[in-house]
Structures are given as C-alpha cells and as structure tokens.
Amino acid sequence: MRKTLLVLATAVTGFGFAAGQATATTLRVYLDADIRSTDPGVNRDGNTDGVVLHMVEGLVGYDARGVPKPLLAENIAVSPDGLTYTFKLRADVKFHNGATLTADDVVWSWNRYLNPKTGWRCLTDFNGDVGLKVESVTAVDPLTVTIRINEPSPLFLANIARSDCGMTAITHRSSVKPDGSWDKPIGTGPFKLAEWRRREFVSLARFDDYSNPDSEPDGYVGSKRPLVDEVRFVVISDPATAKAAFIRGDIDILPRLPYSEADELKPNPNITISAQPGLAATTFLLQTRDKLLSNVKLRQAIAAAIDYDELVGSVTYDLATSNSSLVPVASLFHTNVHQNGFRHDPALAKKLLQEAGYKGQTLKITTNKRNQANFDAAIILQAMLEAVGIKAEVEVLEWGVQTDRWQSGKYQIMSFSYSSRMDPALNYEGAVGPKDSQPRKVWEDKMALDALAEVTGEARNEERQKLFDRLHAAMIDQVPLIPLFSTVTAGASRKNVKGFVSNVFGAPLLWEVRKD
Amino acid sequence: MPTLLIVAVSVFVLIRLIPGDPAQLMLGDLATPASLADLRGRLGLDQSLPVQFGIWFGKVLSGDFGQSIASQQAVLPLILQRFSISAQVVLVAVLLASLVAVPAGVIAAWKQNSSLDLSLVTLATLLLSIPTFWLGLLFLLFFGLKLEWLPVVGYVSISENVEAGLLYLLMPIMTLFLHEIGVILRMARASTLEVLRLDYITHARAKGLSEMAVLWRHAFKNAFGPTWTLIGLVLGNLLGGIAVVETVFTIPGLGRLLVDSIFARDYPVIQGCLLFVACTYVLVNLVIDLCYPLFDPRVTAA
C-alpha cells in the first residue's frame with residue numbers, strides 16, 4: 001500500500017514524499033503566502049521580492065552587509081556635482097531569451113518604471129514628488145548609460161538597489177505584452193520563470209547562460225551560480241503543515257521561521273539552523289502626543305523598567321542580543337556609541353514615575369499575533385511595567401487593524417517591527433517626521449528632523465557617523481521609541497542542502513546553494 | 001434581485017467597516033504619503049464609497065466581479081476555479097457522511113438505550129466535538145509523518161490526474177467526513193426517535209409488519225425530512241468555504257481565498273466571494289426543497 005502510494009504520487013505530482021526520493025536537483029522552499037506578481041517593484045510584497053530577485057537584476061545590488069555595489073554595471077562614475085551617474089555595463093550579459101544586455105535595455109526599463117502607468121512602487125522616490133527626480137536616462141554607447149538627477153543624493157544608488165523597488169531591475173522589452181502590460185520577467189538573473197501556479201507554487205528553472213560575476217558570493221552581488229536545476233517555492237499557509245513537510249523532507253528550506261521553531265528544530269540531526277542579524281528593527285513605539293506619554297519622565301521610566309537582555313533573550317530564544325539603536329547591528333555605522341543605550345534600572349524607573357506624577361493610570365500596549373516576537377515582547381513588557389508599578393494591559397489586533405492604528409498614530413505603546421532598510425538614514429526616516437502631516441511618525445523633535453535632513457544629503461561617512469551618533473543620543477534621552485533588537489532572520493535547511501545561509505535581507509538567496 | 005442587492009450592499013459596507021487600508025498593506029511601512037496616494041488612486045480607493053459601490057455593482061450585474069487588488073486576476077474566474085476545488089472535497093465528504101450517518105442514526109434510534117445506541121451517540125458527540133483543524137493535524141501526523149502513506153503538502157487537480165488527485169484529497173475528505181458524521185447522525189437519530197413514538201408506527205406494528213418494514217417503509221420516510229434539511233444546511237455552509245481544512249492541507253480552495261483576501265483587504269475578491277457564497281447557499285437550499293417530493297408525498301400534494 002505504502003509503496004504504491006509513494007510511487008504514484010512522486011511520479012505524477014512532482015511532490016516527493018521523502019527526502020532523497022524527490023528529483024535530486026529540485027530545491028523546495030517554503031513560502032507562507034503566494035507572491036503577488038512577477039513584475040519587479042510593482043505589485044509586490046516581501047515574498048514577491050524574494051522570488052523575483054532570483055530572476056532579475058539591477059544596475060546595482062546590495063552586498064552581504066547591505067552596501068550598494070555594481071551588479072549589471074561593471075563600474076559607476078559620479079560627476080563632481082553629484083548629478084550625473086555613468087554606468088559602464090558588463091559585456092556579454094544575456095537575458096533569459098538569449099538577447100544580449102545593452103544600454104538601450106536599461107533606458108527602456110527605466111522609462112517603463114518612470115511611466116506612471118506602470119505603477120512602480122518607488123516612482124514617487126524618483127519623480128520629484130519627494131525631492132529627487134531622475135531627469136534623463138541616456139544610452140551613450142551600447143555599454144554605457146548615464147542617469148541625470150536634479151539634486152545630489154548620497155542615497156541614490158542605495159535606493160535603486162532596494163528590493164521593494166525590484167532592484168530597479170533591467171528587463172528585456174519582451175517582458176511586456178504588445179499592449180504594454182506585464183507578461184513575465186525576461187531578466188538576467190541566475191534563474192528564469194518556469195511555472196507559476198497561483199497559491200500552489202512558483203517554479204524557477206536554472207538559467208544555463210547566466211553571466212556570473214567572477215568573484216566570491218556577496219549578497220545580491222558577487223558570484224550567483226545556479227547550482228540546482230529547479231527552485232520551487234511551495235506555498236503553504238499553515239506553519240504547522242510547513243514544519244511537518246520540512247521534517248519529512250517534502251520541503252528543503254524554511255527561509256524564515258519563528259524563533260521558537262528554530263529552537264525546537266535545533267536538536268534534529270537532519271536539520272541545519274542558520275541565523276543572521278538583519279536590518280529590520282523590533283521596537284516599542286511610544287505615542288508622544290498621548291496625554292500620559294507626552295511626559296518624557298514617564299517615557300524614561302518605561303525605558304528604565306525594561307530588562308533588555310531578559311526580554312530579548314526570551315523573545316528570540318537567545319538568537320539575538322539587545323540593540324537600543326535604530327542603526328542595525330550589521331551596519332557599518334553601528335559603533336560603540338550605539339552600544340550605549342537604554343539600561344534596566346527599576347529604582348530609577350520608580351523615581352522617574354514619582355517625578356512624572358504617575359497616578360496608576362493604565363497604559364495600553366497594542367500588538368498583533370502575526371509577528372510572534374511583537375506579541376511575546378508585549379506580554380513581557382506588561383509584566384516588567386507591572387514590576388515597577390505601571391499598570392498596563394495588552395491589546396491584540398489583527399495585523400491590518402494594527403497597521404491602520406500605526407498609520408493614524410492611535411495608540412499609546414505599540415509593539416512594532418520596522419521593515420529592513422538598507423541605510424540607517426532610512427531607519428531614522430521611518431521614525432522621524434512631523435506628526436501633523438504624517439501621524440505614523442513617532443519622533444518630531446526639531447533637532448532630529450534637522451539631523452535627518454542633513455544625513456540624507458551627506459555623502460561623507462565620517463560626517464554621517466557623527467549625525468547618526470547625535471540622533472542616537474537624542475533618542476535615548478527623549479524616548480520616542482524603544483528599539484529592542486535588530487531582527488534576526490532564522491532559517492532552516494535539510495542536511496543535504498549545502499550553501500544555504502540566512503542573510504541580512506531576510507530573504508532566501510538560493511544561488512550558490514546545492515542539494516546532494 | 002432585492003436579496004442580491006441587500007447582500008451586495010451589506011457585503012460592501014461591512015468589509016469597509018473593518019479598519020485597514022489595502023494600499024497600506026501592499027506597500028508596508030516603507031510607504032510614503034505620495035506612494036500611498038498614488039496607489040489608492042490607481043486602485044480607485046480615492047473615490048467616494050457610493051461611487052465605488054455603483055461602479056462595482058454595475059459590473060456585477062453584467063457578470064464582471066472586477067479585478068483582484070492583490071493578484072490583478074479577474075475575480076469571477078478566480079472564484080469559480082477555487083470553488084470547484086472546495087466543492088470536490090465538500091460534496092464527497094457530505095455524501096459519504098450521509099451514507100454512513102443516516103442509517104447509523106436510524107439504527108441507533110431503533111435500538112434506543114442499547115449499548116449500540118450509546119456507542120453511536122458517544123462516537124457522534126466525540127466526532128462533533130473535535131475541531132476540524134485538530135483532526136486534520138492528527139491525520140497529517142499519523143498518515144503523513146509517521147506512516148508516510150499520504151502526502152503532507154501539495155494539491156493535484158482531479159481533472160489532471162484522478163488517482164493522484166484523490167490521494168491528495170483523501171485526508172481533507174476524511175477530516176470533513178468524520179466531523180459531519182457526528183452532525184448528521186445525531187439529527188437522524190433524533191428525528192427517527194420522534195417518529196417511532198407516533199401512533200401510526202404502533203398501528204403498523206399491530207398490523208404485524210416486520211420491524212424492517214416498519215422502520216424503513218413507514219418511519220424512515222417521515223424521519224428523513226429534517227435530516228435532509230440539515231444536510232442541505234451543512235452543504236450550503238461548507239460550500240461557502242472550508243478555510244480551516246484548506247489551510248491545514250494547503251488546498252487552494254474558496255475558503256482560503258476568502259481568508260487571504262480579508263487579511264490583504266482585497267475588497268473585490270472579498271465582495272465577490274461573499275456574494276457568490278450567499279447565492280450558493282440559497283441555490284443549494286432551493287435544490288434541497290425541490291427534492292422533498294422524492295421522499296415525502298405530502299409535499300407534492302400540498
């Protein structure tokens with residue numbers, strides 16, 4: 001009975017039942033939800049970016065530490081006035097349809113992104129709506145492109161490499177239908193689209209003519225050899241089912257798993273756990289316009305009430321260490337200054353509560369269950385606040401509802417995780433801003449606003465470091481939010497999978513990964 | 001038509017009462033006010049609610065349920081595709097459950113207070129009490145992980161391959177089958193017990209008819225009415241989506257589509273699904289009512 005069933009299903013469906021019985025070079029990777037589209041940076045979410053960026057590439061990409069480096073470009077020259085970027089393209093790069101990459105393809109792709117009809121998610125970052133404007137994209141010769149912008153921007157390359165912008169990928173014009181609508185990605189990535197069966201799986205096939213940069217693997221740049229014939233992203237909504245499939249070998253890689261699951265799977269001899277501090281930040285946001293929390297002494301008391309090592313260790317099962325800075329641990333800018341953060345001091349917390357005139361009012365901690373770390377942190381915070389005499393209750397919301405509250409600023413304390421941002425300036429940009437026009441901002445101090453404006457336009461790293469240090473010190477003093485830790489990405493792979501490691505991006509990178 | 005309008009308005013208004021913005025959920029916390037405004041404009045969410053409703057309902061009347069915000073797919077073909085998958089599981093499970101539970105319920109009533117009756121009632125109550133997600137996970141653990149007889153992940157359409165399709169649907173069908181046995185058996189037993197106490201049954205026995213003849217020819221026909229109605233309700237309810245079972249067994253059915261769409265605030269899909277579910281429910285119960293004359297001559301006479 002068992003043998004018959006195994007043979008039947010394996011032969012007919014392509015879903016193998018046991019490790020080793022599946023096709024040897026098909027790597028099966030878990031996705032908790034289907035991708036939204038295959039159009040880079042247009043209809044997207046984190047899963048979409050993670051899949052699509054195996055098929056397409058941009059002029060620049062992020063290295064393993066999140067620094068933008070040439071990808072399809074061989075080198076990049078910036079004019080002295082900082083307004084013209086000249087990209088020399090790598091020669092003999094092939095698209096999935098066999099065509100060779102030229103400067104015309106770059107111009108075509110950029111024009112498509114800058115056309116409002118495309119619906120590019122990052123259009124407003126490049127069309128002048130928020131300052132920066134790409135004024136022209138010009139092919140100088142078949143392998144040279146210039147991009148002219150309206151004002152110097154140290155973050156220009158970092159922005160075009162963003163995964164949520166689809167890496168501003170260069171695609172071949174046959175990616176769109178004759179009417180201009182998106183068809184499928186004809187890119188230059190190490191894998192090409194084989195089949196997308198909605199809500200079931202996305203299958204990518206090895207691109208045999210991939211033009212591999214001759215260097216060591218390094219995030220989205222460097223060597224990106226496709227070492228398996230097929231990568232199949234399997235959509236499984238229920239995490240328990242995904243775990244069962246992984247344990248049995250029906251799935252080879254769980255790219256992201258809750259910390260508790262990583263801890264549970266660790267002793268399994270058939271499984272390798274990989275953890276890496278990422279660029280996202282898990283925080284408590286404090287509403288500084290709230291009647292109670294507008295009192296800085298109360299906010300400082302809350303910060304002093306938290307035992308950071310205990311909280312972070314419990315929430316992450318000791319996978320992460322506490323980080324009170326918005327500059328991620330993995331960033332080049334995370335210096336000793338940023339290791340000096342909030343300190344657990346219950347006596348100080350009680351003293352500050354007295355100075356704040358706190359009279360036992362109840363504070364509400366808003367959280368969700370989609371992100372288990374947010375929920376766990378909220379529960380622990382409640383207990384730690386109670387320990388110093390602050391009454392607190394936890395309000396658990398569905399993720400969409402919590403997002404709405406965050407957007408409108410309607411909360412007192414919110415357990416919240418910011419997405420990965422590749423530059424610390426973007427991390428501060430997520431938090432700093434005027435609440436009148438953008439209620440989702442948590443910190444509207446003038447010094448912070450000025451420092452943020454300055455660091456966004458500053459190219460010199462030494463100067464940027466000073467500004468980040470100043471912002472950090474002010475944040476610790478004013479407590480508009482309490483960063484807890486740089487979110488760790490924990491992934492798991494079967495022992496027969498070699499080369500899979502978690503990374504700062506929190507997305508699976510499946511080139512240079514093989515399956516024995 | 002008035003029913004359709006009431007359902008359409010209710011669905012349209014209710015889903016918008018839930019806080020959450022589709023554009024915000026699509027763009028995440030990296031969104032800027034400009035990018036949010038741009039996306040809302042492209043999705044038509046910047047227009048007034050009456051205008052949005054008018055556009056949507058006008059299209060619905062012409063058979064166009066609109067386009068998914070999340071996947072950009074046409075909603076009606078998407079719903080029909082997902083519904084066909086859910087229907088495969090539900091129809092088979094309810095049919096099998098009815099075939100087992102109705103005779104078992106009648107027998108339990110016939111042997112009231114015997115050990116057989118007590119065993120069947122206990123079993124039915126137990127099956128009814130077990131949540132389907134838990135039962136599903138038990139199946140996954142036992143048949144999927146421990147015995148490795150059945151696939152844990154994936155789905156193959158029966159139209160592609162009958163044998164493999166059945167293999168993938170076996171556990172979800174078994175889960176629903178066992179749960180619905182509990183529901184139907186209890187109703188079949190209760191309604192049969194009620195009929196067995198009536199005078200005409202005593203009269204039939206007094207005439208010297210065999211117990212089999214009394215039970216199946218006289219009692220069953222009258223007792224089956226309420227059970228048949230219940231089967232219709234169960235069918236209508238389950239055809240509206242078996243989200244939990246579909247989630248546990250990764251079946252891309254209508255229930256999962258609806259739940260995913262709610263989380264993503266994909267208004268056109270939610271509206272389309274709920275409208276479709278309401279119509280299905282009404283249609284199933286209409287068919288159930290029309291079938292009454294087949295076993296109850298009084299309905300034809302009336």
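Letters go in sequence order (proteins before strands), and every chain restarts at 1.
- Heavy atoms only, all atoms of each residue included: P19(B) and D404(A) are closest at CB-OD2, 3.6 Å.
- Formation of a donor-acceptor pair under 3.5 Å by the T241(A) side chain with backbone atoms of F249(B) is not found in this model.
- Under the disulfide (SG to SG under 2.5 Å) criterion, C165(A) pairs with C122(A), sequence neighbours left out.
- Shown here for R199(A) and R256(B), the closest heavy-atom pair between the two residues is O-NH2, 3.5 Å.
- Put simply, CG on N43(A) and OG on S68(B) are 8.0 Å apart, with the number rounded to the nearest 0.5 Å.
- Most heavy-atom pairs under 4.5 Å with chain B: of the set R121(A), R405(A), Q402(A), this distinction falls to R121(A).
- Of the atoms belonging to Q73(B), it is side-chain heavy atoms, and not backbone ones, that fall under 4.5 Å from chain A.
- Taking A240(A), A33(A), G119(A), P116(A) one by one and counting their heavy-atom pairs under 4.5 Å with chain B, the maximum is reached by G119(A).
- Residue D38(B) holds its CG atom at 8.0 Å from CG of D129(A), rounded to the nearest 0.5 Å.
- For the pair T403(A) and D21(B), the minimum side-chain heavy-atom distance is 4.5 Å or more.
- Closest approach of W406(A) to Q24(B), counting heavy atoms only: CZ3-NE2, 3.6 Å.
- At a heavy-atom cut-off of under 4.5 Å, chain B is reached by Q438(A) from residues 424-438 of chain A, listed in order of number.
- With a threshold of 4.5 angstrom between heavy atoms, L39(B) does not approach chain A through any atom at all.
- Taken from CZ in F416(A) to CG in D29(B), the straight-line distance is 4.5 Å, to the nearest 0.5 Å.
- Neither the backbone nor the side chain of I251(B) comes within contact range of chain A, judged by heavy atoms closer than 4.5 Å.
- Using a cut-off of 4.0 Å between Lys/Arg side-chain N and Asp/Glu carboxylate O, R36(A) and D266(B) are scored as not salt-bridged.
- Separating the CZ atom in R370(A) from the CZ atom in F263(B) is a distance of 9.5 Å, to the nearest 0.5 Å.
- Of the inter-residue distances, the one linking R440(A) atom CZ with L36(B) atom CG reads 7.0 Å to the nearest 0.5 angstrom.
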